[in-house]
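Values reported hereafter were calculated over all heavy atoms of this structure, with side chains retained and with hydrogens, waters and symmetry mates removed. As the structure is a computational prediction, the values presented were derived from the model and not from experiment.
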Amino acid sequence: DLIYRKAIEKKLLDKNEDELSEDEKIALIFLPGFSSIDSDNETSGRGVGMDIVKTSIESAGGQVIIQTELGKGTVFKLELPIHTGCQYTLK
């Protein structure tokens, strides 16, 4: 619910909540400009990041999977294909 409310508050979405599935609501974090923080700080709140992460992973042939359960937590899975002969550097 927080994700949906923040997307509406930041005018990133104009759909009614009942028009979205739970998965679609969670996927709102990937909208450009989305942030759940009320005020910016040095590392968060500027609404830059998750959309770039998703775009980069998908352009490499991968996907981002989010599993969440209220009161238990959230798991972000980043799946990337293994390419023979390619070298990846994680920073």
Side-chain angles (χ1 to χ4, degrees):
D1 292 334
L2 171 69
I3 294 171
Y4 173 79
R5 285 194 313 270
K6 289 293 183 176
I8 291 293
E9 192 177 290
K10 294 179 182 293
K11 297 181 174 50
L12 300 173
L13 180 71
D14 62 357
K15 289 187 177 183
N16 291 324
E17 188 172 4
D18 59 350
E19 294 179 61
L20 300 172
S21 69
E22 289 301 311
D23 287 340
E24 289 172 321
K25 288 179 193 175
I26 292 166
L28 295 173
I29 66 169
F30 296 113
L31 289 174
F34 179 85
S35 176
S36 62
I37 305 267
D38 288 326
S39 60
D40 300 354
N41 64 39
E42 226 176 87
T43 57
S44 62
R46 297 176 315 274
V48 177
M50 293 299 286
D51 60 314
I52 295 168
V53 169
K54 184 176 185 222
T55 301
S56 297
I57 289 172
E58 288 178 346
S59 70
Q63 63 179 341
V64 179
I65 301 165
I66 302 173
Q67 299 170 324
T68 188
E69 190 171 339
L70 187 61
K72 291 197 175 185
T74 302
V75 174
F76 289 80
K77 291 184 180 182
L78 308 178
E79 294 185 351
L80 290 164
I82 296 175
H83 296 284
T84 306
C86 293
Q87 182 177 344
Y88 293 97
T89 303
L90 298 175
K91 296 181 181 182

Value rounded to 0.5 Å, distance of [atom1] in [X] from [atom2] in [Y]:
{"X": "L20", "Y": "I26", "atom1": "CG", "atom2": "CD1", "value": "11.5 Å"}
{"X": "L28", "Y": "K10", "atom1": "CG", "atom2": "NZ", "value": "13.0 Å"}
{"X": "L78", "Y": "S56", "atom1": "CG", "atom2": "OG", "value": "11.0 Å"}
{"X": "D1", "Y": "K6", "atom1": "CG", "atom2": "NZ", "value": "13.5 Å"}
{"X": "I66", "Y": "D23", "atom1": "CD1", "atom2": "CG", "value": "9.0 Å"}

Next item on the list: State whether the number of non-hydrogen atoms from other residues, nucleotides or ligands found under 6.0 Å of L70 atom CG is greater than 12.
Entry: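 Atom CG in L70 is not crowded, with 12 or fewer foreign heavy atoms closer than 6.0 Å.
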
Checklist line | Flag if over 12 foreign heavy atoms under 6.0 Å of CG, N16 | finding: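 Above 12, so yes.
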
For a quick test of reading the model, state the closest non-hydrogen atom pair linking [X] to [Y] and the distance between them.
{"X": "P81", "Y": "A60", "value": "CG-O, 3.3 Å"}
{"X": "P32", "Y": "L12", "value": "O-CD2, 3.6 Å"}
{"X": "M50", "Y": "F30", "value": "O-CD2, 3.3 Å"}

Notebook entry, point to check: Any side-chain heavy atom of F34 sitting closer than 4.5 Å to one from I3?
Noted result: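 Side-chain contact under 4.5 Å: yes.
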
Note to self: Given 3.5 Å as the limit, does a donor-acceptor pair link the side chain of E24 with the main chain of S21, or not?
What the structure shows: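 Checked: pair present.
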
Next item on the list: Any pair with a residue in residues 71-82 that passes side chain to side chain donor-acceptor pair (under 3.5 Å), sequence neighbours left out, goes on the list, sorted by first then second residue, please.
Entry: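 Non-adjacent pairs meeting side chain to side chain donor-acceptor pair (under 3.5 Å): Q63-E79, T68-T74.
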
Item checked: R5 bridged to E9 by N-O distance under 4.0 Å ->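 Here R5 does not pair with E9 in a salt bridge, since their nearest N and O are not under 4.0 Å apart.
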
Check: Among K15, E17, K11, which residue meets the side chain to side chain contact (heavy atoms under 4.5 Å, CB included) test with L13?
Finding: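 The passing option is K15.
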
